[in-house]
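Written below as structure tokens is the structure these notes are about.
Note that ligands are numbered from 1 as they come in the structure, with each ligand's atoms numbered from 1 the same way. Throughout, residue positions are numbered sequentially from 1 according to the sequence presented.
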Amino acid sequence: MRAMTVDGSCVRSLQCGAMDVEELGRRVAQDVSGGGGTEGLRRLSGVIAALEERRTAVVEELRRGHEATWEEIGRACGMTRQGATRRWAGRLRARSFGLAVDSYQHGRPGYPQALIGSAVPREARRVLDLGAGTGQLTRLLVEAGLDVVAVEPDETMRARLAATVPGAAVRAGSAERIPLPDGSVDAVVVAQAWHWFDQATAVPEIARVLAPGGTLALVWNIRDESEPWAAELGALMHRTTRQRIDTAPVPPPPFGPPERLEIRWEHPTTAAGITDLVASRSYVIALPEAERARLLADVEHLLATHPDLAGRERIAMPYLTRCTRVRLG
Ligand SMILES: C[S@@+](CC[C@H](N)C(=O)[O-])C[C@H]1O[C@@H](n2cnc3c(N)ncnc32)[C@H](O)[C@@H]1O
């Protein structure tokens with residue numbers, strides 16, 4: 001293998017030994033950080049982030065193809081099995097939605113139109129929908145006449161988003177690396193995705209792309225389980241995995257104090273739509289196939305036999321939409 005320094009000159013030919021790779025890493029680190037200082041630190045951090053991104057992509061490939069166990073991945077990275085799962089299992093789940101893109105688009109609810117007036121201030125024009133998925137919220141933003149850019153890391157979700165919401169500019173990227181210039185948007189909205197972000201990196205990155213005084217809105221749709229059949233559905237969905245999400249977070253500085261809004265509404269759906277809603281949850285996508293099939297069969301059974309649902313063509317799923325909005329201080 002030929003190894004290159006960052007300025008393109010060839011340092012040496014490498015054997016394949018681990019020591020050689022480490023030596024190359026040390027030389028590249030030395031080269032990139034130059035004389036050190038905060039500028040060297042910034043460049044070094046950029047290289048580390050890019051390498052970490054690539055390492056994560058390799059872990060994802062290995063896990064998706066069932067080519068390596070967590071034990072083997074941990075060993076290759078000089079970590080324990082637990083260390084490797086702690087580091088990457090959450091990220092794999094965060095990026096799993098594309099595996100259920102049809103269920104996602106068919107089963108997930110949109111958002112009430114009234115949300116837009118609270119999530120986006122009246123004076124805003126340029127809006128970023130971050131972690132936009134298949135565009136459930138993006139569509140409403142475009143319909144409200146806003147100039148919308150939608151950023152989504154998953155290729156399959158992104159392709160669906162571009163096809164269903166042609167009025168939005170769709171970009172590959174993540175909350176940790178937003179592909180937009182500094183101060184380029186008036187508002188950022190994040191629907192059902194904040195809990196997947198690495199917030200320590202995402203907060204300064206969101207602040208970077210916002211214009212002075214810009215806003216960040218964090219939105220979740222929460223099933224209203226005061227309806228008994230919705231409570232039974234919820235218990236079934238979480239019988240193996242309980243997902244705890246803080247739906248009223250307080251984003252840290254440089255953002256100011258939060259303003260909150262809640263809207264109760266109903267999503268008109270069908271039994272098939274509810275089964276797709278369950279199939280599109282990340283913890284359901286992650287289940288072993290037999291367990292996943294059993295859960296979906298049990299959901300279908302509930303929908304077919306519950307006295308409030310059996311035989312109904314249309315079902316109104318009750319939701320509470322919760323929005324937290326903060327302004328750049
Ligand atoms: C539950 S979906 C929400 C999608 C859409 N906003 C909606 O309301 O339907 C979460 C989305 O966040 C995306 N995502 C996961 N990790 C992300 C990250 N670090 N940065 C940006 N988006 C991320 C996923 O690919 C997925 O499309």
Side-chain angles (χ1 to χ4, degrees), residues 49 52-53 56-57 60 64 87-113 115-116 119-120 127-142 148-165 168 170-180 187-206 208-209 216-223 237 243 245 247 263 265 267 269 273 276-286 317 319 321-324:
E52 192 50 47
E53 185 91 351
T56 301
E60 281 183 17
R64 294 251 159 91
R87 181 160 200 131
W88 287 296
R91 156 90 185 230
L92 252 63
R93 269 186 50 195
R95 301 290 170 91
S96 66
F97 294 99
L99 299 172
V101 67
D102 291 328
S103 296
Y104 198 101
Q105 197 180 11
H106 181 228
R108 291 284 180 128
Y111 298 88
Q113 186 74 47
L115 170 70
I116 303 301
V120 179
V127 179
L128 163 63
D129 184 358
L130 189 53
T134 54
Q136 259 81 342
L137 181 59
T138 324
R139 188 176 53 75
L140 288 188
L141 294 166
V142 169
V148 184
V149 55
V151 168
E152 165 58 43
D154 184 280
E155 200 179 337
T156 313
M157 299 291 269
R158 206 166 55 242
R160 187 64 61 92
L161 166 65
T164 37
V165 195
V170 177
R171 302 263 183 278
S174 69
E176 297 77 20
R177 299 185 98 186
I178 302 175
L180 297 180
V188 175
V189 291
V190 178
Q192 310 274 130
W194 177 251
H195 51 283
W196 294 119
F197 299 172
D198 171 358
Q199 288 164 22
T201 316
V203 166
E205 186 63 349
I206 292 170
R208 179 186 68 75
V209 300
L216 165 66
L218 310 175
V219 179
W220 281 271
N221 270 331
I222 303 158
R223 283 186 318 283
M237 287 169 74
Q243 196 183 23
I245 299 173
T247 57
I263 304 174
W265 64 292
H267 172 228
T269 183
D276 272 333
L277 168 73
V278 177
S280 74
R281 304 307 297 246
S282 64
Y283 55 85
V284 176
I285 297 169
M317 172 71 94
Y319 276 102
T321 295
R322 185 171 279 164
C323 173
T324 296

Considering residues at least two apart in sequence or located in another chain, which fulfil the side chain to side chain donor-acceptor pair (under 3.5 Å) criterion with T164?
-> none
Is the backbone of M317 close enough, under 3.5 Å, to the side chain of R223 for a donor and an acceptor to pair up by distance?
-> no
Tell me, which residues have any heavy atom less than 4.0 Å from some atom of ligand 1?
-> A94, R95, F97, Y104, R108, Y111, G131, A132, G133, Q136, E152, P153, D154, M157, S174, A175, E176, A191, Q192, A193, W196, F197
Is the number of heavy atoms from other residues, nucleotides or ligands within 6.0 Å of CD (E155) greater than 12?
-> no
F97: what forms a ring pair (Phe, Tyr, Trp, His ring centres under 6.0 Å) with it, not counting sequence neighbours?
-> Y104, W196
Salt bridge (charged side-chain N to carboxylate O under 4.0 Å, His left out): which pairs involve residues 91-113, sequence neighbours left out?
-> E60-R91, D102-R160
Is a salt bridge present between E205 and R208, judged by a nitrogen-to-oxygen distance below 4.0 Å?
-> yes
